[in-house]
Number of protein chains: 2
Amino acid sequence: MATTPSTAEILGDARADESPAAVTVAATATERSRQKADRRQAILTAAATLFAQRGYAGVTIEDLGAAVGVSGPAVYRHFPGKAAVLAAILQGASRTLLDGAERVLVEASDPAVSLRELIAFHVDFALGDADVILVQDRELEQLDLGARHEVRLLQRQYVEHWVDTLARLRPDRAETELRIRAHAAFGLLNSTPHSARIPGRRPADGTIRGILEEMTWASLMS
Amino acid sequence: MATTPSTAEILGDARADESPAAVTVAATATERSRQKADRRQAILTAAATLFAQRGYAGVTIEDLGAAVGVSGPAVYRHFPGKAAVLAAILQGASRTLLDGAERVLVEASDPAVSLRELIAFHVDFALGDADVILVQDRELEQLDLGARHEVRLLQRQYVEHWVDTLARLRPDRAETELRIRAHAAFGLLNSTPHSARIPGRRPADGTIRGILEEMTWASLMS
DNA sequence: TCCCGATGTTAGCGAGCATTAACCGAGATG
DNA sequence: CATCTCGGTTAATGCTCGCTAACATCGGGA
């Protein structure tokens with residue numbers, strides 16, 4: 001489904017090695033825990049899709065279980081409650097975004113290159129994990145205060161990286177304006193989940209990617 | 001609250017004249033019906049705010065009534081049910097947008113002017129009726145099939161006006177690309193409700209308006 | 001002034017849903 | 001092999017909420 005490393009793979013405990021009999025493990029490596037991690041991850045992925053389609057309140061715990069082949073209260077073996085599932089999704093998304101931005105900024109030195117790669121990274125994420133993006137800016141307020149603050153903190157840091165990069169490119173502009181511009185750019189980039197839902201068949205990801213990158217760059221630097 | 005003619009005023013039966021004793025009316029003009037229209041409108045406005053804050057499913061009929069000073073089931077005197085309130089909001093919003101676009105296109109002849117005014121109009125709406133915009137692209141799927149199709153139809157026509165205008169400006173581009181660009185532009189423009197929520201105090205509407213118009217133009221024409 | 005319909009109010013009713021309880025089989029562990 | 005822990009199951013439980021019923025009030029046309 002996704003062309004980029006999906007949030008799921010980045011988030012979960014799942015290790016990269018897939019060798020079935022290799023028991024040369026270091027950390028928690030029992031067969032049971034492996035399956036448990038898989039199921040947990042499956043729930044998160046399915047939940048993101050369902051939440052994106054019907055909204056957090058429109059999905060029951062029963063739905064969550066059914067989507068991964070177990071039924072109802074089994075979900076409580078993996079999450080303390082429905083809210084915790086949403087929290088895990090949102091925290092994972094903002095973590096992934098923040099980590100990605102920081103990786104980009106460590107490697108690139110030229111601010112123009114940084115911005116271009118920030119954009120490319122965000123496009124990748126939006127295209128690959130459309131469900132997560134959609135849930136991310138729809139259901140934040142459903143979180144309890146603690147989780148909400150944590151997600152907001154991560155998001156704020158992410159925005160700050162964009163604003164800093166923009167500030168190096170356009171030192172003439174007020175930080176307030178740059179912040180507005182960054183938010184507007186996110187709106188543009190995150191529009192994919194919405195628009196992808198409307199038409200019947202959409203063009204290749206590659207096409208969309210190019211257009212979105214071009215538009216975002218132009219809007220930020222105009 | 002809103003600086004532009006709010007959806008509320010455009011939508012409802014409320015006439016523009018506010019003269020208290022002017023009984024020079026034509027249509028249904030009894031005092032009762034006036035008050036009823038006011039209350040209906042108050043419910044719609046309050047509902048938009050509440051839906052924007054907590055999501056459709058997170059708002060009870062009781063909340064809706066309380067927000068306008070009546071309690072609970074009184075809402076049923078104005079709407080057949082909770083879903084009808086949402087439907088009225090969404091249909092009103094898409095009608096307002098479509099009507100606005102058509103008014104712009106009738107008056108302006110030069111496509112560049114048209115686009116500039118389409119953008120300005122949309123910015124006005126997004127800034128003035130942020131709640132409605134937010135509900136609009138969040139809660140569409142909560143509607144029953146009939147209402148959803150109607151809203152989608154209106155939205156599609158609105159998009160079509162943008163695409164047509166863009167096509168006249170950039171006949172070299174495929175319609176598919178123009179459609180993607182239009183949707184991305186809406187994402188950018190509709191980002192205001194999201195970003196306006198995050199910081200403590202935001203700059204004047206005028207400032208934001210200019211930035212958004214500039215960014216949108218640049219992104220579409222890049 | 002009298003009566004009717006419109007607009008509210010306060011009690012339910014019934015469904016849906018998150019969560020908990022009680023129980024079960026099967027891998028890991030000794 | 002006995003046991004214990006886990007991940008699962010199905011059956012409550014209790015609350016929330018949309019919606020309906022039955023009753024009050026009042027504005028306005030005859």
Side-chain angles (χ1 to χ4, degrees), chain A residues 12-13 20-21 23 25 27-44 46-47 50-51 53-89 139 142-144 147, chain B residues 12-13 20-21 23 25 27-44 46-47 50-51 53-89 139 142-144 147:
Chain A
D13 306 334
V23 208
V25 282
T28 52
T30 120
E31 182 54 31
R32 276 286 252 275
S33 69
R34 174 78 47 98
Q35 288 188 343
K36 176 165 181 128
D38 286 356
R39 179 132 296 173
R40 179 190 155 91
Q41 191 49 57
I43 293 175
L44 283 178
L50 289 173
F51 288 162
Q53 281 170 353
R54 295 186 242 156
Y56 173 73
V59 177
T60 74
I61 289 274
E62 179 77 27
D63 294 333
L64 256 36
V68 299
V70 301
S71 236
V75 176
Y76 287 91
R77 300 292 177 196
H78 302 272
F79 298 92
K82 190 184 172 189
V85 179
L86 180 63
I89 292 173
E139 313 282 4
Q142 310 295 334
L143 256 46
D144 58 284
Chain B
D13 306 333
V23 205
V25 280
T28 51
T30 121
E31 181 56 28
R32 277 285 254 273
S33 68
R34 175 78 46 96
Q35 288 188 344
K36 174 162 181 134
D38 285 356
R39 179 134 295 172
R40 180 191 154 91
Q41 192 48 59
I43 293 175
L44 283 177
L50 288 173
F51 289 162
Q53 281 170 352
R54 296 186 239 156
Y56 174 73
V59 177
T60 74
I61 290 274
E62 179 77 28
D63 293 335
L64 256 37
V68 299
V70 301
S71 233
V75 176
Y76 288 92
R77 301 294 178 192
H78 303 271
F79 297 93
K82 190 184 172 188
V85 179
L86 181 63
I89 293 173
E139 313 283 2
Q142 310 295 333
L143 256 45
D144 57 285

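Side-chain atoms of A:Tyr56 come within 3.5 Å of backbone atoms of A:Ala83 as a donor-acceptor pair (strictly under, hydrogens ignored). Between the side chain of B:Lys36 and the main chain of B:Arg77, a donor-acceptor pair closer than 3.5 Å is present.
A:Ala67 and A:Leu50 make their closest contact through CB-CD1, 4.0 Å (heavy atoms, listed as atom of the first residue, atom of the second, distance).
We find that CZ of A:Arg34 is positioned 16 Å from C1' of C:dG27, with the value rounded to whole Å.
Residues B:Ile89 and B:Glu139 fail the side-chain proximity criterion, which asks for heavy atoms closer than 4.5 Å. Taking 4.5 Å as the limit, some side-chain heavy atom of A:Gln41 sits within range of a side-chain heavy atom of A:Leu44.
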Next item on the list: Treat primed atoms plus P, OP1 and OP2 as sugar-phosphate and everything else as base, then score nucleotides 3-19 of chain D 5' to 3': B for base contact with protein heavy atoms under 4.0 Å, S for sugar-phosphate contact only, - for none.
Entry: ---BBBBBB-----SSB

